[in-house]
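Along the sequence shown, residues are numbered consecutively beginning with 1.
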Amino acid sequence: MDGDTLYSIGELARRTGLTVKTIRFYSDRGIVAPTDRSPAGYRLYDIDAVARLDLVRTLRELGLDLPTIRKVVDRELPLREVAAAHAEALAVQIRVLRLRRAVLTAVAERGSTPEETELMHRLAQLSEDERRRLIGGFLDAVFGGLDAAPAFAGVMRSMTPELPDHPEEEQVQAWVELAELSVDPDFRAAVRRITEDQAAELALSDTAGPRRDIATAVRDQAGPALAAGIDPASPGADPIVAAFSAHYARLLGSPDDVELRRRLATRLESVNDPRRERYLQLLAVVNGWPAPESLAPVFDWSVEALRDRTRQ
């Protein structure tokens, strides 16, 4: 291609794929200035105009504004710096769009009320510090002021969501639902009761025997029985119930009698709150952890076995 050749707007349009109107628009704004004019006064452009127009089109498609583009093509601004700043701005926009999509998807799937939608929208847009304060308030409500608090340090860490800087849509949706649970006074009170029961048991176990909590003991004893298909009301369940009931008796320093088994059934029903399991499921999604095993069937089996043996 001859570097000295000059092109009319029509010829330039054919070479670049842009319309004559678009090229004239860029030319009027000094972004792609004509090199010369024909005797009849028509604008003429050199081969550099083709390269400039290709760059202008690319930058426009990437979302840059015309004043910035003019500075880039005139080399008043380094393209590298402009690209970095624009990429950062786009990252913020993408994050906002993901949050909006996550909220709208949740609203559509759950049939949320306008009030619930407003709450989800606010929770989705919390900053990192605001998220930490929200979860900190939840954990303080659940664990604060308990004598066994040092023993719960690991538990508190394991219940803390950490939404990544660039979350997937399902992580945002999980965070919104988890945050809703965290600010629910009834859920906070329910988890607090579970924690207080465990703290009392841990305090007793310092002198009364094993430190393994009762929920873990029941899981270890009843899990295999459930997997084996043992009916909780059958005689085959008797040794299983006796084993975890004896563990609870040792934990509390109390006799293994009907009242203790009723108390244990109530304790397991509390631990088996579906909202607690849902929190742990959502936590795993937010933190990118493997999905936790559901213990609801094990606790259901154990409660049924205990209730069957404590009826009068």
Side-chain angles (χ1 to χ4, degrees), residues 138-159 185-281 292-312:
F138 167 69
L139 295 175
D140 185 63
V142 171
F143 295 102
L146 296 177
D147 292 339
F152 290 131
V155 179
M156 293 173 67
R157 286 193 297 272
S158 71
M159 292 183 67
D186 291 339
F187 178 64
R188 288 189 174 196
V191 181
R192 175 71 181 195
R193 286 192 295 271
I194 295 171
T195 307
E196 288 174 341
D197 288 342
Q198 188 174 0
E201 292 164 6
L202 285 171
L204 287 170
S205 71
D206 287 339
T207 57
R211 295 186 60 84
R212 189 174 54 153
D213 68 90
I214 186 58
T216 302
V218 169
R219 178 200 65 194
D220 294 346
Q221 294 286 343
L226 176 64
I230 297 176
D231 188 328
S234 70
D238 288 343
I240 310 300
V241 175
F244 62 67
S245 183
H247 179 91
Y248 195 52
R250 290 193 301 272
L251 200 63
L252 300 184
S254 301
D256 182 3
D257 54 18
V258 171
E259 287 305 314
L260 179 129
R261 294 188 175 194
R262 286 175 177 162
R263 178 176 177 179
L264 176 55
T266 301
R267 173 85 165 90
L268 294 178
E269 286 173 336
S270 176
V271 173
N272 201 27
D273 188 324
R275 294 172 300 178
R276 176 178 175 274
E277 181 167 289
R278 182 58 179 162
Y279 181 97
L280 297 178
Q281 292 170 343
E293 176 188 4
S294 175
L295 295 179
V298 171
F299 291 141
D300 287 340
W301 187 97
S302 303
V303 170
E304 184 178 346
L306 286 164
R307 295 298 187 197
D308 184 75
R309 285 160 178 77
T310 55
R311 292 191 182 98
Q312 290 182 348

If you round to the nearest 0.5 Å, how far is CG of L251 from CG of D213? 8.0 Å
Can a salt bridge be assigned to the pair E293 and R219 using a cut-off of 4.0 Å between side-chain N and carboxylate O? no
Using modelled atom types only, decide if a donor and an acceptor are shared between the side chain of Y279 and the backbone of M159 within a distance under 3.5 Å. yes
How close do S245 and L264 get, counting heavy atoms only, and between which atoms? CA-CD2, 4.2 Å
Could you tell me which non-hydrogen atom of P297 sits nearest to which non-hydrogen atom of S294, and how far apart they are? CD-OG, 3.6 Å
Interatomic distance, D273 atom CG to I194 atom CD1 [nearest 0.5 angstrom]: 6.0 Å
Yes or no on side chain to side chain contact (heavy atoms under 4.5 Å, CB included) for L202 and F152, after CA distance, side-chain angles and deciding distance? CA-CA 10 Å; L202 285 171; F152 290 131; 4.0 Å; yes
Check whether T266 reaches the backbone of R262 with its side chain - one donor and one acceptor, N or O, closer than 3.5 Å. yes
Over all atoms of both residues, closest heavy-atom pair of D256 and A242: OD2-O, 4.2 Å
Heavy-atom nearest pair, L260 first then S254, reads CD1-CB, 3.8 Å
CD1 (I214) and NE2 (H247) are apart, to the nearest 0.5 Å, by 5.0 Å
Would you give the length of the straight line joining atom CD of Q221 to atom OG1 of T216, rounded to the nearest 0.5 angstrom? 12.0 Å
Where do L146 and A199 come nearest, in terms of heavy atoms and distance? CD1-CB, 4.3 Å
Count the heavy atoms belonging to other residues, nucleotides or ligands that lie under 6.0 Å from CZ of R192, then report whether that count exceeds 12. yes
How many angstroms lie between CG in D197 and CZ in R263, if you round to the nearest 0.5 Å? 7.5 Å
Taking side-chain contact (heavy atoms from CB on, under 4.5 Å) as the test, write out the residues that go with S158, two or more places apart. V155
Closest contact, heavy atoms only, F244 versus A222: CE2-CB, 4.4 Å
Would a 4.5 Å heavy-atom cut-off, applied to side chains only, mark Y248 and R261 as touching? no
Pair listing, salt bridge (charged side-chain N to carboxylate O under 4.0 Å, His left out) test, anchored in residues 229-241, at least two apart: D238-R309
E304: side-chain contact (heavy atoms from CB on, under 4.5 Å) partners, not counting sequence neighbours: P232
Parallel, tilted or perpendicular, as decided by the 30° and 60° cut-offs, for the rings of F187 and F138: parallel
CG-CZ distance between N272 and R267, expressed to the nearest 0.5 angstrom: 12.0 Å
